[in-house]
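Below: one structure, written as structure tokens.
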Amino acid sequence: MTNLLIILALLFAALFVLVILAEKFGSRDQEQTAKLSRYIVPLVAVLLLAQLVKMLFFSE
């Protein structure tokens, strides 16, 4: 149980650091964000198909 708590504490600390760094150095360009966001849905669809193929044909 202590291992779980240590892992959770490390994950929350890493998330805290990443949020601070993203706010400080993150891009605020709306045009670039819009360009990148149009690739998200097709990439998620490809990921779902790849996981489906893996589950159907390569599961043990």
Side-chain angles (χ1 to χ4, degrees):
M1 184 69 173
T2 58
N3 288 339
L4 176 65
L5 294 176
I6 291 171
I7 291 171
L8 285 174
L10 289 173
L11 285 174
F12 279 116
L15 180 64
F16 181 72
V17 170
L18 286 175
V19 166
I20 290 174
L21 289 175
E23 287 178 354
K24 187 174 183 180
F25 298 111
S27 174
R28 305 222 188 270
D29 186 16
Q30 294 291 334
E31 184 177 322
Q32 183 181 7
T33 305
K35 285 181 186 177
L36 291 175
S37 67
R38 68 181 182 154
Y39 293 112
I40 291 175
V41 174
L43 286 175
V44 169
V46 168
L47 177 67
L48 288 173
L49 284 173
Q51 290 296 318
L52 181 65
V53 167
K54 180 182 173 187
M55 183 184 74
L56 290 175
F57 297 111
F58 299 108
S59 64
E60 294 182 37

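These numbers come from a predicted model, not from an experiment.
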Query raised in the report: Heavy atoms, side chains only, cut-off 4.5 Å: are Ile40 and Val44 in contact?
Result: yes
Report task. Determine whether Phe58 and Leu52 fall in the same hydrophobic cluster, where Ile, Leu, Val, Met, Phe, Trp and Tyr are linked whenever their side-chain heavy atoms lie under 4.5 Å apart. Result -> yes
Requested in this report: Tell me whether Phe25 is reachable from Val17 by hopping between hydrophobic residues (I, L, V, M, F, W, Y) whose side-chain heavy atoms are closer than 4.5 Å.
Outcome: yes
Requested in this report: Say whether Val53 and Leu56 are linked into one hydrophobic cluster, either directly or through other cluster members, by side-chain heavy-atom distances under 4.5 angstrom.
Outcome: yes
Report task. Specify the closest pair of heavy atoms between Ser37 and Ala34, including all atoms of both residues, with the distance to one decimal. Result -> OG-O, 2.9 Å
Report task. Could you grab the distance from atom CG of Leu5 to atom CG of Leu10, nearest 0.5 Å is fine? Result -> 11.0 Å
Query raised in the report: Honestly curious: do Leu8 and Met1 fall in one hydrophobic cluster under the side-chain, below-4.5 Å linking rule?
Result: yes
Requested in this report: Decide whether Met55 and Phe57 are clustered together by the hydrophobic rule: side chain heavy atoms of Ile, Leu, Val, Met, Phe, Trp, Tyr closer than 4.5 Å, transitively.
Outcome: yes
